[in-house]
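By convention in this document, chain letters (A, B, ...) are assigned in the order of the sequence lines, proteins followed by strands, and residues within each chain are numbered from 1.
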2 protein chains.
Amino acid sequence: MPEHVTIKDIARILNISVSTVSRALRDAYDVNPETREKVLQLAKELDYKPNFNASGLAGGGTRNIGIILPFITNYYFSMVITGIQEIAYAKGYNIVLYVTNDSPERELDVVKNLNTQNLDGVLVAVCSDSAANGYFERIIAEGTPVVFFDRVLGGVDASKVVQDDYNGAFEAVEHLIQQGFTRIAHVAGPLDLDFTRQRLAGYLDALERYDIPVRKEWIVHSGFSQAHGEDDLARLFDQMERPDAVFAVNDRKAIGVMQALKARRVAIGRDFGVIGFTNDPMSTIITPTLSTVAEPAYEVGKMSCELLLQHIVRKSNFQPREIVLPGMLIPRESTLRTLS
Amino acid sequence: MPEHVTIKDIARILNISVSTVSRALRDAYDVNPETREKVLQLAKELDYKPNFNASGLAGGGTRNIGIILPFITNYYFSMVITGIQEIAYAKGYNIVLYVTNDSPERELDVVKNLNTQNLDGVLVAVCSDSAANGYFERIIAEGTPVVFFDRVLGGVDASKVVQDDYNGAFEAVEHLIQQGFTRIAHVAGPLDLDFTRQRLAGYLDALERYDIPVRKEWIVHSGFSQAHGEDDLARLFDQMERPDAVFAVNDRKAIGVMQALKARRVAIGRDFGVIGFTNDPMSTIITPTLSTVAEPAYEVGKMSCELLLQHIVRKSNFQPREIVLPGMLIPRESTLRTLS
DNA sequence: TATTTTAGCGAGAACGTTACCGAAATAACT
DNA sequence: AGTTATTTCGGTAACGTTCTCGCTAAAATA
């Protein structure tokens with residue numbers, strides 16, 4: 001019953017060879033526009049669907065692209081995937097999803113077992129403490145197109161798409177300063193990730209720019225979760241001298257910070273400024289609403305995918321590119337001094 | 001350089017035929033345990049990776065399973081995927097992701113172009129107003145294993161995994177009643193989705209069970225978003241007689257309801273009860289915290305995937321199953337009368 | 001012992017496509 | 001006119017598996 005129409009059927013009916021049909025169906029190389037038209041016409045009529053297993057086997061593409069990332073259960077990554085998916089769908093590519101749970105072992109296993117014969121290319125956001133560096137390099141050296149996004153890997157010869165973490169952080173801290181906060185702490189993430197370092201750098205440079213001395217004890221870092229944010233604030237409040245504002249590496253941690261502040265009955269906004277990074281919808285739900293730097297997650301996804309597809313079609317003569325997309329400061333109540 | 005070791009290499013080295021190697025690598029049918037052991041040993045040594053394109057072409061499986069769903073940017077679906085992914089990874093299957101954006105046209109297009117030759121099976125949550133009924137039936141009739149989850153399709157002969165929407169809704173409304181709310185409205189979702197109807201039924205039966213007359217004007221329905229929740233509450237408050245509590249079909253709408261209530265300076269909890277459905281992390285972030293019915297999203301994902309894999313390996317002699325997983329009532333501040 | 005069964009294996013043909021190369025046929029030059 | 005390019009096509013061999021047979025040798029049966 002699964003009577004699938006193949007390239008052979010088309011060839012037989014049109015009384016031409018399969019080679020010609022194959023060529024006509026892809027790019028009109030070595031084929032008469034007329035016969036090409038006939039092939040396309042008949043293919044549509046018969047509802048022909050190419051078999052990508054065969055195509056992949058024979059050396060053509062599989063039309064599958066892989067995504068390797070730590071999580072999908074947060075706003076940022078799910079938006080990135082949505083962006084990727086939009087482009088992939090438009091261009092007729094399928095997405096194969098690999099979630100590493102932010103575990104280096106899992107990531108390593110995924111990359112080792114990445115069947116690059118099944119994949120035309122891979123989009124990747126590495127996990128914290130990634131140990132797969134060498135394996136990614138090998139895949140890239142073998143010629144598989146790879147694009148890193150958000151959590152990029154240093155030193156490898158591949159395209160990269162990130163948001164402007166440095167300037168976003170700078171603007172966030174600048175905003176705190178302009179709101180009159182001067183004792184600004186930074187609740188950071190794992191420092192092995194590039195964007196964490198970028199945001200830290202933006203924080204440091206903003207302080208320097210406004211002649212505010214850096215206090216190392218006000219830079220605390222741990223994981224990315226809300227609980228980590230709560231812990232980090234506790235560590236900040238355990239100190240003799242407390243800060244009066246926090247720039248958090250992301251919204252989830254900022255929300256943890258806010259919850260911890262609420263538990264301590266600190267008036268967020270008026271007495272204590274909090275700003276995050278991401279623009280997670282949660283930041284509009286929490287009271288007071290959380291100021292943040294909006295990340296162009298959807299655009300990061302789209303851009304990454306577009307780059308990857310370019311790499312795939314141009315294959316060897318494609319120069320890796322590094323793209324930085326701008327974020328946007330979104331002031332809300334958590335940094336508003338005038339809040340009653 | 002991409003020197004990939006194949007089944008032929010193993011055969012040549014061991015001086016046996018490819019057929020034997022092939023059999024040894026899969027299930028030990030017609031192969032001596034000794035030679036099987038040798039093959040497995042050498043395969044591991046050479047780091048042999050099967051080519052699933054070839055396998056798929058030749059009639060074996062592709063080790064790819066598809067997921068078709070409306071969104072990935074909400075808590076529920078992202079958790080379901082995480083669950084699916086966990087099982088798939090453990091069993092060595094890849095996940096191919098199709099996001100329909102809850103658009104019937106898009107879904108139709110995806111299903112029509114679903115290359116079932118590339119997929120061993122498909123997991124699907126249909127979109128609102130799905131028009132792909134017939135196409136799913138065709139795929140199923142062709143023998144492709146399909147499991148529906150959450151948003152199931154009625155009448156088709158396939159496995160289904162859902163949470164206990166009816167009882168969850170019943171318990172939610174019962175909880176409102178027990179908290180002393182009597183004028184309970186229902187902010188529903190699109191009624192063409194089965195689980196929306198189930199939750200409505202639970203709502204109606206709970207009212208009946210406690211001898212509370214149903215007021216049709218207090219049952220409003222629209223989409224699933226927060227904005228829809230705000231609109232629905234406005235419609236409720238436009239009426240002469242207002243309810244004193246709302247059971248919302250999901251947390252996003254419940255949050256919309258809460259925001260609209262806050263704008264109207266209604267004391268949520270004390271004067272007006274709100275309960276949602278899902279247990280989205282947002283429900284713990286909002287003030288007051290939102291009571292809800294926790295959905296076993298992760299378990300739905302795991303169970304769906306397990307069922308699908310069973311179907312795949314047992315192929316024709318697999319009886320479709322329907323599984324209902326229990327939810328759990330989680331009372332929080334938004335239904336607490338005693339709240340100051 | 002003669003016969004049948006069974007376990008284990010191999011040969012070869014698929015599966016649907018693309019890559020490679022050569023053959024016509026036509027067009028464009030001397 | 002003869003020669004050379006160019007365009008358009010077809011034949012055939014892959015790609016790495018699985019599948020369907022059929023074969024051999026050993027084991028079980030008569």
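- Atom CG of B:N53 is separated from atom C1' of C:dC15 by 12 Å (rounded to the nearest Å).
- Nearest-nucleotide mapping onto DNA chain C: of B:R36 and A:V21, the residue sitting toward the 5' end is B:R36.
- Nearest nucleotide to the A:N32 side chain, out of D:dT8, C:dG10, C:dT18: D:dT8.
- Inspection of the B:E45 and B:Q41 side chains reveals an N or O donor paired with an N or O acceptor under 3.5 Å.
- Atoms CZ (A:R12) and P (C:dT17) sit 13 Å apart, rounded to a whole Å.
- Between B:K49 atom NZ and D:dC15 atom P the separation is 20 Å, expressed in whole Å.
- Between B:Y76 and B:Q163, the side chains place a donor N or O and an acceptor N or O closer than 3.5 Å (distance only, hydrogens not considered).
- Ring centroids of A:F148 and A:F136 are separated by less than 6.0 Å, placing the two rings close together.
- The shortest distance between the side-chain N/O atoms of A:T20 and the OP1/OP2 oxygens of D:dG10 is below 4.0 Å.
- A cation-pi arrangement is not found for A:R23 relative to A:Y29, the charged atom failing to lie both closer than 6.0 Å to the ring centre and inside a 45° cone about the ring normal.
- Following rounding to the nearest Å, B:H4 (NE2) and D:dG16 (P) show an atom-to-atom distance of 10 Å.
- Whole-Å rounding puts the A:K8 NZ to C:dC15 C1' distance at 8 Å.
- If you take CG of B:N51 and C1' of D:dG16, they are 6 Å apart, rounded to a whole angstrom.
- For the OP1/OP2 pair of D:dT8 and a distance below 4.0 Å, the side-chain nitrogens and oxygens of A:T35 include no atom meeting the criterion.
- Seen from the ring of B:F195, B:R151 does not count as a face-on cation partner, given the 6.0 Å and 45° thresholds.
- Contact between the side-chain N/O atoms of B:T6 and the OP1/OP2 oxygens of D:dG16 is not found at any separation under 4.0 Å.
- In summary, the side chains of B:E142 and B:T144 do not present any donor paired with an acceptor at a separation below 3.5 Å, with no hydrogens or angles considered.
- Here the P atom of nucleotide C:dT17 and the CG atom of B:N115 are 9 Å apart, to the nearest Å.
- Contacts of B:D9 with the nucleic acid, taken as non-hydrogen atoms under 4.0 Å apart, are absent.
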Between the protein and nucleotides 19-25 of chain D, list the N/O to N/O atom pairs that are separated by less than 3.5 angstrom.
from   : atom 1 : to    : atom 2 : distance (Å)
D:dC19 : OP2    : B:R26 : NH1    : 3.2

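- Using modelled atom types, one finds a donor on one side chain and an acceptor on the other under 3.5 Å when comparing A:E86 with B:N101.
- Atom CD1 in A:I16 sits about 6 Å away from atom P in D:dG10, given to the nearest Å.
- Phosphate contact (OP1/OP2 of D:dT17, side-chain N/O of B:Y48, threshold under 4.0 Å): present.
- Each of D:dT8, D:dG16, C:dC9 was ranked by its minimum atom distance to the side chain of A:Q117; first place goes to D:dG16.
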